[in-house]
Number of protein chains: 2
Amino acid sequence: MDSIYEPPILTVDSIIFQLVDNELAVLLLERAAEPFKGMWALPGGYNAAGETTREAMARTLATKTGLQTGDLPLIEQLYTFDTIARDPRGHAVSVTYMGLGKDLELPPSATAQNPQFFPVDQLPTVAYDHADIIGYAHRRLCSKITYTNAVFALLPELFTLTQLQTAYEAILGRQLDKRNFRKKFLSLELIEATDEYHRDGAHRPALLYRFRQQPLQVLSRSFD
Amino acid sequence: MDSIYEPPILTVDSIIFQLVDNELAVLLLERAAEPFKGMWALPGGYNAAGETTREAMARTLATKTGLQTGDLPLIEQLYTFDTIARDPRGHAVSVTYMGLGKDLELPPSATAQNPQFFPVDQLPTVAYDHADIIGYAHRRLCSKITYTNAVFALLPELFTLTQLQTAYEAILGRQLDKRNFRKKFLSLELIEATDEYHRDGAHRPALLYRFRQQPLQVLSRSFD
DNA sequence: ACAAAAGTGTTAAGAATACACCCATGT
DNA sequence: ACATGGGTGTATTCTTAACACTTTTGT
């Protein structure tokens, strides 16, 4: 009864975020071929037989950008888009994953596709419906950091409260009150002070903190 | 370069919830064939070429249960599961949709598959990983009703505050305080009183309310 | 001594919680 | 008159929001 079944094409795409100069940035590739030649697109590709979508995501990301998913402290399935066909063979369905990291290094000339991070509010011309996907991922990230400890994945192991606040401000796109931010965040007991200080220029050194636990956790009171 | 590409099978599954006798219930089919013959499974099926996953969901749901998606006030993509192959042809990837409705009628003998609603805490033996999927959907529904007006999709147009509270209790699986529930919910200004009453037995009639607007909305203050 | 970022507390308003009795109806 | 579910208010605690000055350092 299903013998005439001819499947849509299954693809995966990765939305990789990190903070660059206190701005939220997303990883894009420059398309070397039609369609959308010269425009920028999310790293992604076909899902091969016998591979989970998550494995396909890891493989395509490594192949096209040199990034290993092991370097991403947090990866999460985002949404499945019935995108416009990216391929003349037909209709494509793309399972997307959001990955968060810090100080991600792109091996120089990993591929001919020139992988680069772009601040989310200064995107180049983006191919397909990828601008929508990035917007969706950004909104999801905004809500994720308000009810979970997901920021840990964007910060170094030791960080200052100012760095933490700046991360929130970069993602949410608005300023937060310093005293209220610190009071609230510390009261959640997600982070603990170390006895180390971050010295950086002609001013008082900042106490370094660390997250108590890494795995994604839901907060007892949602943030902000 | 992608010429040896052989895709996984793309399927869709529907998790349809409604309230039955003040319990949250999910729609299942009895499998008539192997694998898992005699066990119960979510309605679903293959995604055909040229059809979006949402269209495939509507089609398979109508074919297997007689339900029209037009009768579901809220449908939302849930998650994409890399499920165990449901088909000897190979690896299956299932895009799932959650649908909410009320007073859904299953056309008698719509199919040989005996569609029925089961209370989520009294499920029969469920095939595949569908028990996990139902659990996932239930958790998502719990959080959805706390930060959106999604309950509207489970209630009739006019309803009493007690019906509303009972719906929350059925979904969340715990009791709520009547006075606090009413105070909070009314303060959100999502619903308005009508001038009609629900008479039902030997007690004071209950004032009927309606939602001010149907489309899914995020609440100003999250609920509960 | 100055510039620069780190650090810190209080008050007021709003929200959440806990809790018990009267009201309107049908029989 | 009684049984049944509908309806209502207050006091306490916790949370949020608004807001400005002192501290520590490097030059």
| query | Is any side-chain heavy atom of B:Leu161 less than 4.5 Å from a side-chain heavy atom of B:Tyr209? | reply | yes

| Counterpart residues, side-chain hydrogen bond (donor to acceptor under 3.5 Å, both in side chains), relative to A:Arg204 (two or more places apart) | none

| query | Heavy atom of residues 154-169 of chain B under 4.0 Å from DNA chain C: which residues? | reply | none

| For residues 217-224 of chain B, which residues have at least one heavy atom under 4.0 Å from DNA chain C? | B:Arg221

| task | Applying salt bridge (charged side-chain N to carboxylate O under 4.0 Å, His left out), name anything that partners B:Asp224, two or more places apart in sequence or on another chain. | result | B:Arg174

| task | For DNA chain D, determine which residues of residues 183-205 of chain B have any heavy atom closer than 4.0 angstrom to one of its atoms, and list them numerically. | result | B:Lys183, B:Ala202, B:His203, B:Arg204, B:Pro205

| field | Those residues that, when tested against A:Glu196, pass side-chain hydrogen bond (donor to acceptor under 3.5 Å, both in side chains) (two or more places apart) | value | none

| task | Could you list the residues that satisfy ring pair (Phe, Tyr, Trp, His ring centres under 6.0 Å) with A:Phe159, not counting sequence neighbours? | result | A:Phe211

| task | For A:Ser143, enumerate each residue passing the side-chain hydrogen bond (donor to acceptor under 3.5 Å, both in side chains) test, keeping only those at least two apart in sequence or located in another chain. | result | none

| Residues that A:Thr148 engages under side-chain hydrogen bond (donor to acceptor under 3.5 Å, both in side chains), provided they are two or more places apart | none

| message | I'd like the 5' and 3' limits of the part of DNA chain C contacted by chain A, with heavy-atom contacts below 4.0 Å. | response | C:dA3 to C:dT10

| message | Heavy atoms within less than 4.0 Å of DNA chain C: which residues of residues 142-151 of chain B have one? Give them sorted by number. | response | none

| request: Give the first and the last nucleotide of DNA chain D, reading 5' to 3', that has any atom under 4.0 Å from a heavy atom of chain A. | output: D:dT15 to D:dG26

